[in-house]
Each structure stands twice: as C-alpha cells, then as structure tokens.
A.B. asks: 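What follows is a single structure, and I will ask about it in a moment.
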2 protein chains.
Amino acid sequence: MEIDRIDARLLDLVQRNNRLSSEELGAKVGLSASGVQRRLKRLRSESIIEADVAIISPKAIGRNVTALVHISFERARADIVDRFKQAICKMSEVMSAFYVTGQIDFVLLVTANDMEDYEHFIRRLVHDNPDIKRCETMIVLNRVKAGFTVPMASIAFS
Amino acid sequence: MEIDRIDARLLDLVQRNNRLSSEELGAKVGLSASGVQRRLKRLRSESIIEADVAIISPKAIGRNVTALVHISFERARADIVDRFKQAICKMSEVMSAFYVTGQIDFVLLVTANDMEDYEHFIRRLVHDNPDIKRCETMIVLNRVKAGFTVPMASIAFS
DNA sequence: AGTGAAATTTATCTAAC
DNA sequence: GTTAGATAAATTTCACT
C-alpha cells in the first residue's frame, strides 16, 4: 500500500477526469500505457481508488433543491448512531453524510425536487428517527465546488 | 435537454460506476452498445453529466483529517462572497464548498494531513479573507456516505 | 426524431522480454 | 519497467423504421 510520485500524479489526474486514456496519462507522467494500467489496476484493487463515478447535475434532472442538514441527537448512544448511519445509507435523497464532533452529530447533504419534496423528506427522517433532537436546514444557494478531490502535492516522495 | 426513462437509468448506473462498458450498460437498459454511447455522449456534451472522476481514499494518501467548516462573514456583500468563492476554488484542501442560506454563509469540506496541517490551513484562510467573522470546525469522525449520487427514481417519464 | 449492425479506429490486456 | 501481438471496446458510417 505504498504510493510513489508517479502514483500520486496518476491519482491527481484521474480524480479530476477518469476518462483519460492510459496513453494520455502515460504521456503526462512519463510512462507507457501498460505501465499506467498496471498502476491503476493496483490502485483500484487496493481501494486507494475507492470508486469511479459520473457526477450528475442535480438541476438537469429536476432536483432543484440541495440542502445541508444538521442533525443532533438527544443522546449520542452508539446503537442510536449506528442505526441512524444505516438508515441514511438507504435514503437516496442523502448524497453524502458525515458523522462529526461537536454540538452537531451528523451533517447530511440532501437533494429534493422542490421544497415540498424536501419537507416530506425531513418529516420522514424525523419520524423514522425519534431520537433526533434538532434538525437544522441550510439551503444550498450555490455548489461552489463539488467533489472529493484530494490534494496530491504533499505526497511523501518515497 | 430532455431526459427519458433510458437516460435516467443510464445516469443512475454511471453515477455509481462509470467504468461499465457500453455493452454492459446496454444489456441493463435494453439498448445496443452504440445506442448507449450516443446517449452518454449527449449527456456529457450537455453537461447533464458534469464530470467523470475517480474517488480517492483520503486516508490511503495520508490525509488523516477531514473537517466541515462553517464560515460566516461580517457582511455578506456580493463582491466579498464572489472573491471568497474564487479563493476557495483554488485551495486544494477544499474538496467541496457550498454557499448556503442562514446564519452561516459557507460550508466547506476540507482535508488535511494532520491537525497541525489543518490549523495552518485555517490560519491561512482567515488571514487571506479578513471579512470572515467566524470559522467553526466540525471534525469528521466518519464519512458515512460520500458521493453526489442523485436519486433517479423520481424522474419524469417523458 | 432515434436505433442497430458492420467497419474502422482506438484502447486495453496478456504476455514475453 | 517496456514493447508487441491479441483481445476488447469505442467511434463512425450507413441502412432502417
């Protein structure tokens, strides 16, 4: 599970665009196409590359509302937390979810078709999880940056 | 910019895995490989598919700290907001950024190698943006769900 | 319109070096 | 790590409904 300079550069490229051909990648990192492929294969098999996905515009498919939701529980018991984690994984409206430190327990990134749809989602969420104490919504006006692009500049050059 | 049932199913598949071959996709949606490719090409050219990316494990490359940061400004003037948007787009530590309604102005998703690294980032952020009033950090204990996978079930069947 | 099938181009995989 | 040949996939063209 070691990563060298070339791996880091490959990761940096594919995390922005994973549709570049091995040849294009090779030209950029100074490697042959098959060399690139062997490395990418390893990075995928070792789950250093966790997934390869297309990012869809929520608006283009009629999801006009994006919101960040703060969830806090009455009591943060482990079983309650675990049950909630499982529940949100199954909710398709929840795009991302983070379990965090502090006053807030969870931060969810949610999409909905419209406000009515969003309200239904929140009602359902609170109804299904009676341990929720507070549920605070921030409507996303603008998705300034969307991604999980990790900085590669600081990789240990081993 | 119309999306039919087949497009919706394709989007639903590729947003989970964009490395499936056109043939595999075709088998799942009942279309030939070329039919699939034509549709994906359109979806990409019309930016319904915004990007195709690999998701990297932050831990695997030594980014051990993930945090959600709430930013609020002294005054939410348009020029201040716009300048801040540009600034965070350039900061590689910022994986995602949302401009939101309410008390908070921005929510950032940030990675750092360690706490020291994180502290440096915050200092730099606040130093470079003197209009920031408050800056509240929630350390991510667990990334329960990571993605921008949009629900497709509710697509209008046009 | 949008589709499927064949031909072409391109990319990827499997070795051998 | 590379190069070369085999395999597979993506792209283009075209005839069809």
Side-chain angles (χ1 to χ4, degrees), chain A residues 1-57 59-62 147 149 152-153 155-158, chain B residues 1-57 60-62 147-150 152-158:
Chain A
M1 203 153 141
E2 282 278 310
I3 285 174
D4 66 11
R5 203 172 345 191
I6 295 177
D7 288 327
R9 293 194 57 198
L10 283 174
L11 290 172
D12 196 38
L13 289 164
V14 297
Q15 76 174 340
R16 291 166 215 284
N17 182 4
N18 73 348
R19 284 171 54 78
L20 296 169
S21 68
S22 305
E23 209 162 337
E24 287 175 289
L25 292 170
K28 286 175 197 269
V29 303
L31 217 68
S32 71
S34 19
V36 169
Q37 284 178 336
R38 195 173 313 137
R39 280 165 180 270
L40 288 179
K41 196 171 184 177
R42 182 184 76 92
L43 292 168
R44 291 197 167 100
S45 76
E46 293 185 2
S47 293
I48 293 166
I49 294 178
E50 288 181 347
D52 291 89
V53 303
I55 293 180
I56 310 301
S57 159
K59 266 202 190 136
I61 58 158
T149 307
M152 286 292 159
I155 278 284
F157 296 107
S158 49
Chain B
M1 201 156 139
E2 283 277 309
I3 285 173
D4 65 12
R5 202 171 347 189
I6 296 176
D7 289 326
R9 292 194 58 197
L10 284 174
L11 290 172
D12 196 37
L13 289 163
V14 297
Q15 77 174 342
R16 292 167 214 283
N17 182 3
N18 74 348
R19 283 171 56 78
L20 297 169
S21 71
S22 305
E23 209 162 338
E24 287 175 289
L25 291 171
K28 286 175 196 272
V29 304
L31 217 66
S32 70
S34 29
V36 169
Q37 285 178 338
R38 243 192 310 264
R39 281 166 180 270
L40 288 178
K41 195 173 185 177
R42 182 183 77 91
L43 293 168
R44 292 197 166 100
S45 75
E46 294 184 3
S47 292
I48 292 166
I49 295 177
E50 288 181 349
D52 292 88
V53 303
I55 294 180
I56 311 301
S57 160
I61 57 159
F148 292 102
T149 307
V150 170
M152 286 291 160
S154 59
I155 276 285
F157 296 106
S158 50

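We name chains A, B, ... by the order of the sequence lines, and we start the count at 1 in each one.
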A.B. asks: Let's see if you get this right: which residues in residues 9-26 of chain B place a heavy atom under 4.0 Å from DNA chain D?
C.D. replies: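 Those residues whose heavy atoms fall under 4.0 Å from DNA chain D, taken from residues 9-26 of chain B in numerical order, are B:S21, B:S22, B:E23.
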A.B. asks: Got a sec, which residues hit side chain to side chain donor-acceptor pair (under 3.5 Å) with B:T149, two or more places apart in sequence or on another chain?
C.D. replies: none
A.B. asks: Between atom CZ of A:R38 and atom OG of A:S32, what is the distance when rounded to the nearest 0.5 Å?
C.D. replies: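 Between A:R38 CZ and A:S32 OG, I get 7.0 Å after rounding to 0.5 Å.
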A.B. asks: Let's see if you get this right: which residues in residues 29-37 of chain B place a heavy atom under 4.0 Å from DNA chain C?
C.D. replies: B:L31, B:S32, B:S34
A.B. asks: Name all residues meeting the salt bridge (charged side-chain N to carboxylate O under 4.0 Å, His left out) criterion together with B:R44; count only those two or more places apart in sequence or in a different chain, and write none if there are none.
C.D. replies: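 With neighbours one apart ignored, the set is B:D52.
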A.B. asks: Rounded to whole angstroms, how far apart are CZ on A:R42 and P on C:dC13?
C.D. replies: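 Computing the A:R42:CZ to C:dC13:P distance gives 16 Å.
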A.B. asks: Would you mind listing every salt bridge (charged side-chain N to carboxylate O under 4.0 Å, His left out) that reaches into residues 15-36 of chain B, with sequence neighbours excluded?
C.D. replies: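 Every pair satisfying salt bridge (charged side-chain N to carboxylate O under 4.0 Å, His left out) with a residue in residues 15-36 of chain B: B:D12-B:R16.
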A.B. asks: For residues A:A33 and A:S22, report the shortest heavy-atom separation together with the two atoms involved.
C.D. replies: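 Shortest heavy-atom contact: O-CB, 3.6 Å.
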A.B. asks: Can you name the salt bridge (charged side-chain N to carboxylate O under 4.0 Å, His left out) partners of B:R39, sequence neighbours left out?
C.D. replies: B:D4, B:D7
A.B. asks: Could I get the full list of side chain to side chain donor-acceptor pair (under 3.5 Å) partners for A:S57, not counting sequence neighbours?
C.D. replies: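 If we apply the side chain to side chain donor-acceptor pair (under 3.5 Å) test to A:S57, skipping adjacent residues, there are no hits.
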A.B. asks: Report the distance from atom CG of B:L40 to atom P of D:dT12, rounded to the nearest whole Å.
C.D. replies: 14 Å
A.B. asks: Once you apply a heavy-atom cut-off of 4.0 Å, does A:R39 come out as touching a base, just sugar-phosphate, or nothing?
C.D. replies: sugar-phosphate
A.B. asks: Closer than 4.0 Å, any side-chain N/O of B:K41 to the OP1 or OP2 of D:dT12?
C.D. replies: yes
A.B. asks: Could you run down the sub-3.5 Å N/O contacts of the protein with nucleotides 14-17 of chain D?
C.D. replies:
none

A.B. asks: Taking only heavy atoms on the protein side, list every residue of residues 43-55 of chain B lying under 4.0 Å from any atom of DNA chain C, sorted numerically.
C.D. replies: none
A.B. asks: Roughly how far, to the nearest 0.5 Å, is the CD1 atom of B:I3 from the CZ atom of B:R42?
C.D. replies: 6.5 Å
A.B. asks: Quickly work out the B:R5 CZ to C:dG2 C1' distance and round it to whole Å.
C.D. replies: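 It is 15 Å, rounded to the nearest whole Å.
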A.B. asks: Can you list the residues that meet the side-chain contact (heavy atoms from CB on, under 4.5 Å) rule with A:V14, with sequence neighbours excluded?
C.D. replies: A:N18, A:L25, A:L40, A:I49, B:A54
A.B. asks: Rounded to the nearest 0.5 Å, what separation is found between the CG atom of A:L43 and the CG atom of A:L11?
C.D. replies: 5.0 Å
A.B. asks: Taking B:Q15 for the side chain and B:V150 for the main chain, is one N or O donor matched with an acceptor at less than 3.5 Å?
C.D. replies: yes
A.B. asks: Expected output check: what is the dot-bracket annotation of DNA chain D, where ( ) and [ ] are pairs inside the strand (brackets for crossing ones), | is paired with another strand, and pairs are Watson-Crick or G-U under 3.5 Å?
C.D. replies: ||||||||||||||||.
